[in-house]
Amino acid sequence: MATRKAAPKSLSLAPILDLNEANALHSKLMGLRGNNLVIDASAVERVGALCVQVLMAGAKSWEEDKHAFAFSKVSDAFTKTTQLIGVNIDHLMAKEI
């Protein structure tokens, strides 16, 4: 009997990802661990370095667990902030086939 591949879980990020949101973001990620994950960052208006750090730590954890971790959509503000602080997420962008 063939097993079905589980659909990836999704996480939509809050518009404001500041210091206050970092702990909540960490908790949300830990609740999704063990699953392939697709993140929608299209609504992000402002993101702080600590939340970017939480996301990058999540990406590393998913990689170690051998699960997919990808961004499906990102806002201009999210892209600009990650570039400004020197974080390259190009390798984490979902690829269309």
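Because the structure is a prediction, the values reported are computed rather than measured. Along the sequence shown, the residues carry numbers beginning at 1.
L29 and V87 fall within the same hydrophobic cluster, defined by Ile, Leu, Val, Met, Phe, Trp and Tyr side-chain heavy atoms under 4.5 Å apart, directly or through other members. Connection of M56 to L37 is established within a shared hydrophobic cluster, with ILVMFWY side chains joined at heavy-atom distances below 4.5 Å, either directly or through further cluster members.
Side chain of N36 to main chain of A68: a donor-acceptor pair is present (N/O by atom type, distance under 3.5 Å, no hydrogens or angles).
Annotation: ring pair (Phe, Tyr, Trp, His ring centres under 6.0 Å) contacts involving residues 39-58, sequence neighbours excluded, are absent.
With sequence neighbours excluded, the residues satisfying side chain to side chain donor-acceptor pair (under 3.5 Å) with R33 are D65. Every residue was checked against the side chain to side chain donor-acceptor pair (under 3.5 Å) condition with S61, not counting sequence neighbours, and none meets it. Residues passing the salt bridge (Lys or Arg N to Asp or Glu O under 4.0 Å) test with K80: none are found, sequence neighbours excluded.
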Residues 10-26 side chain polar contacts: donor-acceptor under 3.5 Å, at least two apart:
unit_1	atom_1	unit_2	atom_2	d
D18	OD1	N20	N	3.2
D18	OD1	E21	N	3.2

Report all side-chain donor-acceptor pairs from residues 69-79 shorter than 3.5 Å, counting only partners two or more places apart or in another chain.
unit_1	atom_1	unit_2	atom_2	d
S72	OG	I39	O	3.4
S75	OG	V44	O	2.6
S75	OG	F78	N	3.1
T79	OG1	S75	O	3.1

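Between I85 and V52, the closest side-chain pair of non-hydrogen atoms falls below 4.5 Å.
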